[in-house]
Amino acid sequence: MRAFDFATASTVSDALKLARPGSAFLAGGTTLVDLMKLDVMTPDRVIDVNALPLKGIKLRDGALHIGAMERMGDVAAHPVVTSVHPMISRALLLSASGQLRNMASIGGNLMQRTRCDYFRDVTSACNKRLPGSGCPALTGINRGHAILGTSDSCVATHASDVAVAFVALEAQVVLRSSDGDRTVPLEDFYRLPGSTPERENVLGPGELITEVVVPTLSWARHSTYLKIRDRQSYEFALTSVAAAISLKRGVVQDVRLAAGGVGTKPWRLRAVEEALKGGVAMERTFSDAVESAVDGARPLAHNAFKPSLLKRSIVRALLDAAGVR
Amino acid sequence: MTTSRRQFFGQAAAVSAGVALSAPAAEALANGAAPDAPGLVEVAFKVNGERQKLSLDPRVTLLDALRERLGLVGTKKGCDRGQCGACTVHVDDRRVLSCLTLTATLQGKEVTTIEGIAHGDELHPVQRAFIDHDGFQCGFCTSGQIMSAVKVVEEREVRTDDQIREAMSGNICRCGAYPNILEAIKQAKES
């Protein structure tokens, strides 16, 4: 681990004042400390934000507000979350382990870095870690990599589960800088890699996530988060699907879908949503509608199974959410 | 006089370090810091009920502070990457991974390690249950398993075998003692 200057912030304005180019905010540390040990992240100043008053989980003005410093485990167990948006709770509980969920904050979860092994290994080239050095995953071991939103520079997946649920639910993140607050839809917060995979989001220098705001959806109780992975627990997704569905007399009125483990960012499936509306909620309707999920997909040598896995996962998630299995 | 393996290695390291370095420099190196590195931080916190005040490099993890500075070697370093659970301890009564916790963030916090859960000579019920059910083979993951299990036993919503397995999935046992660990946790939940 490289040497750094350590500072503790007790207010958001303190934290913003302490930030400078090359500094990093430290919350739960489950990404940052790990990647500092690997020399993948080398901040010269670490600002401890654990004492910031960015807490609270509440319903206000038709939306669920989650403070950025709330821990994953606390959000998952909160009665307001489990009653209003059970999909969020489920996505969190299928992530990481009990210990990590006690540590990791919601803001930090959204800022977690990819699990691409080439990114995590400083002896490898990686355009995300060292721009212009190349992408060994394109021709190397790429079973876990993305098929959607990829570029010739980067095929790394976004690793968060709860971000997939948030994108399906059209959550927004509140960002604070010395210029004040701004609110950005989480889907637009993340950038596609293009030719600049080192720029993963729209966060400005020294800008801090302070809150996640999730609009309530009267029918979001009919929802699920399905995660497919190599082992049953404590593993990242090969494919995951966040689904919520509204039915009237067996006909799809409205639906929300997003996928994880397949995209370079949490992947909203709008074309599938449109294809589903007005259809009778049954397996055949669902399997006809999912074809467009993989439009533009670029499978790699080791993950050619992902388009098929994604489509089948969407069908299963829809059957679960609709309760028509 | 008997010398344990740990004491022997400790003495041998001190002797070899003494050839070239002063004791404080050797200690700084052992903690992963360059000699006379600037920017040490002072941290006052409690470990197993005792007040501790350490001056340390901000890079020092709680795991290293416990083992190298406070001599509490019951907490084990398995992967040191947050993937195995061997280093599990409690901070303010929640189970966390000490390998991913920077000690500098623990000002005013209360840490409990495997050395702190028994009452005198009386084992914690989870420790007792691990012995009763032979919940280990090599024993390296055991202190982390027990520290995790102590909290899982308290979680009322965790009841079935599958729920216990899921709640314990952050603690890896490469000997494969899982069936006995599960039985131990069930016994501790019943008592």
Side-chain angles (χ1 to χ4, degrees), chain A residues 1-10 24-40 42-51 71-74 76-77 79 82 89 93-105 108 112 115 120 229 231-236, chain B residues 31-34 37-43 56-64 79-109 144 147-149 151-152 155 157-158 162-163 165-172:
Chain A
M1 204 187 298
R2 308 285 175 86
F4 54 79
D5 159 45
F6 184 82
T8 304
S10 50
F25 294 121
L26 173 69
T30 56
T31 289
L32 182 59
V33 175
D34 180 30
L35 292 180
M36 287 197 300
K37 287 183 178 189
L38 295 170
D39 282 345
V40 170
T42 54
D44 60 15
R45 169 176 284 179
V46 170
I47 304 158
D48 181 0
V49 295
N50 284 288
R71 311 291 164 169
M72 287 171 69
D74 295 330
T82 54
S89 180
L93 291 175
L94 292 175
S95 309
S97 67
Q99 293 97 309
L100 289 165
R101 293 193 295 269
N102 278 344
M103 302 172 75
S105 67
Q112 71 181 290
R115 302 301 297 189
R120 291 172 59 83
R229 43 190 165 170
R231 59 180 176 193
Q232 200 173 351
S233 181
Y234 198 19
E235 183 57 277
F236 291 91
Chain B
N31 291 329
L40 296 186
V41 289
E42 299 273 327
V43 188
L56 37 72
D57 186 296
R59 287 173 287 185
V60 177
T61 61
L62 173 59
L63 174 60
D64 284 340
C79 67
D80 207 24
R81 294 284 179 275
Q83 297 174 6
C84 78
C87 69
T88 302
V89 299
H90 303 167
V91 171
D92 284 357
D93 220 26
R94 291 157 69 102
R95 55 177 171 145
V96 300
L97 300 176
S98 60
C99 77
L100 292 183
T101 302
L102 293 182
T103 315
T105 64
L106 296 177
Q107 187 68 38
K109 303 279 185 188
M147 294 308 285
S148 218
K151 289 294 152 198
V152 170
E155 288 175 20
E157 65 278 15
V158 178
D162 278 350
Q163 287 170 334
R165 289 191 193 100
E166 170 62 35
M168 290 295 293
S169 71
N171 291 83
I172 310 290

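FYI, side chains are in, hydrogens and waters are out, and symmetry mates aren't considered; it's all heavy atoms of this structure. Every chain is numbered from 1 and lettered A, B, ... according to where its sequence line falls, protein lines coming before strand lines.
- Options B:V152, B:T105, B:N171 differ in how many heavy-atom pairs under 4.5 Å they form with chain A, and the most are formed by B:T105.
- More than 12 heavy-atom neighbours from other residues, nucleotides or ligands sit within 6.0 angstrom of NZ on A:K37.
- Looking at every heavy atom in both residues, B:G82 comes nearest to A:Y234 through O-OH, 2.9 Å.
- No side-chain donor-acceptor contact under 3.5 Å links A:D34 and B:Q83.
- Each of A:L32, A:T30, A:T31 was scored for a side chain to side chain contact (heavy atoms under 4.5 Å, CB included) with B:L100, with one residue passing: A:T30.
- Under the 4.5 Å side-chain criterion, counting only non-hydrogen atoms from C-beta, A:V33 is not in contact with B:T101.
- Ranked by non-hydrogen atom pairs under 4.5 Å with chain B, the options A:L38, A:V46, A:L93 are led by A:L38.
- One finds the CG atom of B:L40 at 13.0 Å from the CZ atom of A:F6 (value rounded to the nearest 0.5 Å).
- Considering every non-hydrogen atom in both A:M1 and B:R59, the closest pair reads O-NH1, 2.9 Å.
- Nearest heavy atom pair, residue B:E166 against residue A:S233, reads OE1-OG, 3.0 Å.
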Check against side chain to side chain contact (heavy atoms under 4.5 Å, CB included), A:M36 and B:L102 = CA-CA 11 Å; A:M36 287 197 300; B:L102 293 182; 4.3 Å; yes

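- Scored by the side-chain contact (heavy atoms from CB on, under 4.5 Å) test, B:R94 finds A:R71, A:D74, A:N102 as partners (sequence neighbours excluded).
- For B:V96, the parts lying under 4.5 angstrom from a heavy atom of chain A are both the backbone and the side chain.
- Under 3.5 Å, the side chains of A:T8 and B:Q107 contain no donor-acceptor pair of N or O atoms.
- For the residue pair A:Q99 and B:S148, the shortest heavy atom distance occurs at NE2-OG, 3.3 Å.
- Residues of residues 84-92 of chain B placed with any heavy atom under 4.5 Å of a heavy atom in chain A are listed by number as B:C84, B:G85, B:T88.
- Looking only at side-chain heavy atoms (C-beta outward), B:S169 and A:Q232 stay at 4.5 Å or farther from each other.
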